[in-house]
J.: 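Have a look at the structure that comes next, please.
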Amino acid sequence: SAGSLWLLLSLLLAAARGANFQHHRYEDLVRALFALHDECPYVTRIYSIGRSVEGRHLYVLEFSDQPGVHEDMEPEFKYVGNMHGNEVLGRELLIQLGRFLCEEFQAGSERIVRLVHNTRIHILPSMNPDGYEVAAQQGPEFNGYLVGRGNAREVDLNRNFPDLNALMYYYEKTNGRNHHLPLPDNWEEQVEPETLAVIKWMQNYNFVLSANLHGGAVVANYPFDKSRENRVRGKSTYSATPDDKIFKKLAKSYSYAHSWMHKGWNCGDYFDEGITNGAHWYSLSKGMQDFNYLYTNCFEITLELSCAKFPPASTLAREWMANREALVSYMEQVHHGIKGMIYDENNNPISNAEISVAGIHHDVTSGAHGDYFRLLLPGTYTVTASAPGHVPSTKQVTVGPAEAILVRLGRWCPPGGGRSSLNSLHTVLLIALFMGNSQRQGGKLCSQ
């Protein structure tokens, strides 16, 4: 078939360009990122979110049609690789993803051009460059399960985030907050420099969707990672978030776009449809994906991508072909659900307004520009926007498989302008199930 022929040609092309598929030490990684920026200067930016224990930069590669700028109602997406220094496939895939986005954008690929124009993409190939160097000295042949896993102080960064789960589980029983839980006192002194850098990064960007790339299994793992129950030896319990259905859909969007993850049997383990709830697999505390959900607006899953933690360079081209469609397809999921702007009566944007969806006990908030993003599955929802000093605004919206349409919460101005009697938030809801230019309806919101 044409599809098989295309895949064969792609594999041959990948083999021909095999020189690209190699492991990158820190200096190689830095050179590769800056070479990529030189290749695509108008849609990329490189910035550092901080330094590791040994002083290596945590460099991020950004793709956007306006690098360095948050555009209203354009969602922010992130990929994080190499959090465990000896789990290296994610690091190499993210370097290759950067090359792919640059080349496809330059070639005029409609899909990638649309993605870059409508999404602000942040790629952190290595969260743990110090651990990587320790693992790389061992090399793929001799790498053990733990050598280089932690940072330079041998701290496991995926057990190093503030533990907000215990507080969340308490609040569930007492009807307390269900989002943006407070950090403990002196939290900055309790985390490693790499963890601190990533938390500050989350505070500075209103991320909507994320994945964090690991190795040692092949499965898409979704929150919660920490069990609600006290551990019983040999027993694991499913620990669902209020957004369990959308997290399953996000995990499946990756596993089914991956060449073999969805088949279930990998590395001697079986995961139905290639996905698992984290706590149902095994419970862990202070992990990054739960922290994203409980402290920010961001939904994150953990992608376990290879049986070998440090696969030989000869396997990288095959792994890239297995993951390429999944990496792109997962980024596109950031456009599913509703998004909009929150204004006050003088049409000033309101940050930190709360957007709640009836029946889902997890709210999101508007960002610094007044825009908000709420990932949702197709269906009909009652959505309420609220902010201190304003009358809440509620609207029933239907999210369906269609081009983006515009729905407004509030009143239209009467012909010729004038004042509205409704003293409430002006809220714009944009249903965005598939990427495409939304058609803004004519007219303007009243000033009140």
Side-chain angles (χ1 to χ4, degrees), residues 29 33 36-37 43-50 57-71 74-84 87 90-98 100-102 112 115-116 118-129 157-158 161 194-214 220-223 246-247 250-251 253-254 287-303 305 323 326-337 339 364 367-368 371-375:
L29 167 65
L33 292 179
L36 223 157
H37 172 62
V43 291
T44 62
R45 176 175 75 114
I46 293 172
Y47 63 98
S48 172
I49 59 170
H57 277 288
L58 304 181
Y59 280 120
V60 175
L61 173 65
E62 174 189 337
F63 276 88
S64 170
D65 59 339
Q66 292 194 47
V69 177
H70 174 76
E71 299 173 69
E74 182 169 294
E76 309 261 355
F77 176 94
K78 66 180 162 72
Y79 272 132
V80 178
N82 199 209
M83 181 183 205
H84 289 143
E87 297 173 14
R91 175 186 177 112
E92 301 307 329
L93 290 177
L94 292 180
I95 295 170
Q96 196 60 35
L97 176 64
F100 177 74
L101 293 176
C102 175
I112 299 306
L115 187 64
V116 170
N118 293 342
T119 324
R120 193 175 179 202
I121 301 161
H122 305 256
I123 298 170
L124 174 62
S126 181
M127 182 181 166
N128 185 4
L157 298 178
N158 205 31
F161 284 78
E194 297 89 349
T195 311
L196 178 63
V198 167
I199 293 174
K200 297 276 190 190
W201 188 35
M202 293 178 192
Q203 292 172 338
N204 290 330
Y205 295 85
N206 185 22
F207 293 114
V208 178
L209 183 62
S210 173
N212 125 49
L213 281 53
H214 287 245
N221 173 109
Y222 56 91
I246 186 85
F247 270 119
L250 291 168
S253 77
Y254 198 95
M288 185 163 70
Q289 76 173 7
D290 287 7
F291 182 84
N292 270 269
Y293 185 71
L294 295 175
Y295 182 64
T296 77
N297 288 319
C298 190
F299 287 31
E300 180 173 278
I301 66 171
T302 301
L303 298 169
L305 296 178
N323 283 276
L327 287 165
V328 175
S329 180
Y330 185 74
M331 286 191 283
E332 291 172 336
Q333 304 303 308
V334 77
H335 294 280
H336 289 220
K339 62 180 177 177
V364 298
D371 52 353
Y372 72 89
F373 306 83
R374 210 324 170 175
L375 298 174

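By convention here, the first residue in the shown sequence is residue 1. Here the structure is a predicted model, which is why all the values come from computation and not from measurement.
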J.: Who pairs with H37 by ring pair (Phe, Tyr, Trp, His ring centres under 6.0 Å), at least two apart in sequence or on another chain?
T.: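 With sequence neighbours excluded, H37 shows a ring pair (Phe, Tyr, Trp, His ring centres under 6.0 Å) to no residue whatsoever.
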
J.: Are any of the side-chain heavy atoms of Y330 and L209 separated by less than 4.5 Å?
T.: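 They are in contact (side-chain heavy atoms under 4.5 Å apart), so the answer is yes.
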
J.: Do the non-hydrogen side-chain atoms of F291 and N158 ever get within less than 4.5 Å of each other?
T.: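 SC-SC contact between F291 and N158 ruled out.
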
J.: Not counting sequence neighbours, which residues clear side-chain contact (heavy atoms from CB on, under 4.5 Å) with A326? List them please.
T.: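 A326: side-chain contact (heavy atoms from CB on, under 4.5 Å) contacts with Y254, A257, H258.
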
J.: Output the distance between atom CD1 (I301) and atom CD (Q289), rounded to the nearest 0.5 Å.
T.: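 Rounded to the nearest 0.5 Å, the CD1-CD separation comes to 8.0 Å.
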
J.: Excluding sequence neighbours, so at least two apart, what forms side chain to side chain donor-acceptor pair (under 3.5 Å) with Q333?
T.: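 Listed in chain order: K249.
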
J.: Can you name the salt bridge (Lys or Arg N to Asp or Glu O under 4.0 Å) partners of E74, sequence neighbours left out?
T.: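 If we apply the salt bridge (Lys or Arg N to Asp or Glu O under 4.0 Å) test to E74, skipping adjacent residues, there are no hits.
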
J.: Taking the ring centre of each residue, are Y295 and F207 less than 6.0 Å apart?
T.: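 Distance test on ring centres: not under 6.0 Å, no.
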
J.: Provide the closest heavy-atom pair for K339 versus P75 in the form atom of the first, atom of the second, distance.
T.: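 Residues K339 and P75, closest heavy atoms: NZ-CD, 4.1 Å.
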
J.: Specify the closest pair of heavy atoms between A251 and Y222, including all atoms of both residues, with the distance to one decimal.
T.: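 Heavy atoms of A251 and Y222 come nearest at CB-CD2, 4.0 Å.
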
J.: Side chains of I199 and W201: closer than 4.5 Å at any heavy-atom pair?
T.: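 A side-chain contact is absent here, since even the closest heavy-atom pair is not under 4.5 Å.
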
J.: Are the side chains of L124 and L58 in contact, using a 4.5 Å heavy-atom criterion?
T.: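 Yes, close enough: below the 4.5 Å cut-off.
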
J.: Test of understanding: with ring pair (Phe, Tyr, Trp, His ring centres under 6.0 Å), list the residues that count as partners of Y79, not counting sequence neighbours.
T.: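 Ring pair (Phe, Tyr, Trp, His ring centres under 6.0 Å) list for Y79, sorted by chain: F77.
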
J.: Measure the OG1-CD distance between T119 and E71 for me, rounded to the nearest 0.5 Å.
T.: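 Separation between the atoms: 10.0 Å.
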
J.: List the residues meeting side-chain contact (heavy atoms from CB on, under 4.5 Å) with N292, not counting sequence neighbours, and say none if there are none.
T.: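 Applying side-chain contact (heavy atoms from CB on, under 4.5 Å) to N292 gives K78, M202, M288, T296, C298, E300.
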
J.: Tell me, which pairs form a salt bridge (charged side-chain N to carboxylate O under 4.0 Å, His left out) where one or both residues lie in residues 203-212, sequence neighbours left out?
T.: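 Matches after skipping sequence neighbours: none remain.
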
J.: Are V80 and L213 packed together at the side-chain level, in the sense that at least one heavy-atom pair is separated by less than 4.5 angstrom?
T.: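 No. Closest side-chain heavy atoms not under 4.5 Å.
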
J.: If I take atom CD1 from residue I246 and atom CG from residue L375, how far apart are they, to the nearest 0.5 angstrom?
T.: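 Nearest 0.5 Å value for the CD1-CG distance: 5.5 Å.
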
J.: With a 4.5 Å cut-off on side-chain heavy atoms, are V60 and I123 touching?
T.: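 When only atoms from C-beta onward are counted, V60 and I123 do not touch, as no gap falls below 4.5 Å.
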
J.: Which residues satisfy the ring pair (Phe, Tyr, Trp, His ring centres under 6.0 Å) test with Y59, sequence neighbours excluded?
T.: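 Listed in chain order: F34, H57.
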
J.: Below 4.5 Å, heavy atoms only, C-beta onward: do K200 and I49 meet side chain to side chain?
T.: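 With C-beta onward as the side chain, the pair stays apart.
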
J.: So how far is it from M127 CE to N212 CG, rounded to the nearest 0.5 Å?
T.: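 If we round to the nearest 0.5 Å, M127:CE and N212:CG are 8.0 Å apart.
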
J.: Applying side chain to side chain donor-acceptor pair (under 3.5 Å), name anything that partners R91, two or more places apart in sequence or on another chain.
T.: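 N82, S126.
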
J.: Which heavy atom of S253 sits nearest to which heavy atom of S329, and what is that distance?
T.: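 Closest approach of S253 to S329: O-OG, 4.2 Å.
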
J.: Report the residue from T44, L97, I95 that forms a side chain to side chain contact (heavy atoms under 4.5 Å, CB included) with L61.
T.: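 Result: among T44, L97, I95, T44 is the only option passing the side chain to side chain contact (heavy atoms under 4.5 Å, CB included) with L61.
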
J.: List for me each residue that meets side chain to side chain donor-acceptor pair (under 3.5 Å) alongside E194, sequence neighbours excluded, and say none if there are none.
T.: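 Listed in chain order: N151.
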
J.: Is there a side-chain contact between H214 and L303 (heavy atoms, below 4.5 Å)?
T.: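 SC-SC contact between H214 and L303 ruled out.
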
J.: Output the distance between atom CD1 (I46) and atom CG (L36), rounded to the nearest 0.5 Å.
T.: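 Spacing of CD1 (I46) from CG (L36) equals 7.0 Å.
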
J.: Kindly indicate, with the supporting measurements, whether the criterion side-chain contact (heavy atoms from CB on, under 4.5 Å) is fulfilled by L157 and V198.
T.: CA-CA 11 Å; L157 298 178; V198 167; over 6 Å; no

J.: Work out which heavy atom in P223 is nearest to a heavy atom in D290; give both atom names and the distance.
T.: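 So the minimum-distance heavy-atom pair works out to CB-OD1, 3.5 Å.
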
J.: Do you know which of E76, E62, R45 makes side chain to side chain donor-acceptor pair (under 3.5 Å) with H122?
T.: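 With H122 as partner, E76, E62, R45 yield a single side chain to side chain donor-acceptor pair (under 3.5 Å), made by E76.
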
J.: How would you list, by chain and number, every residue that makes a ring pair (Phe, Tyr, Trp, His ring centres under 6.0 Å) with F247, sequence neighbours excluded?
T.: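 Only Y293, F299 meet the ring pair (Phe, Tyr, Trp, His ring centres under 6.0 Å) criterion with F247.
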
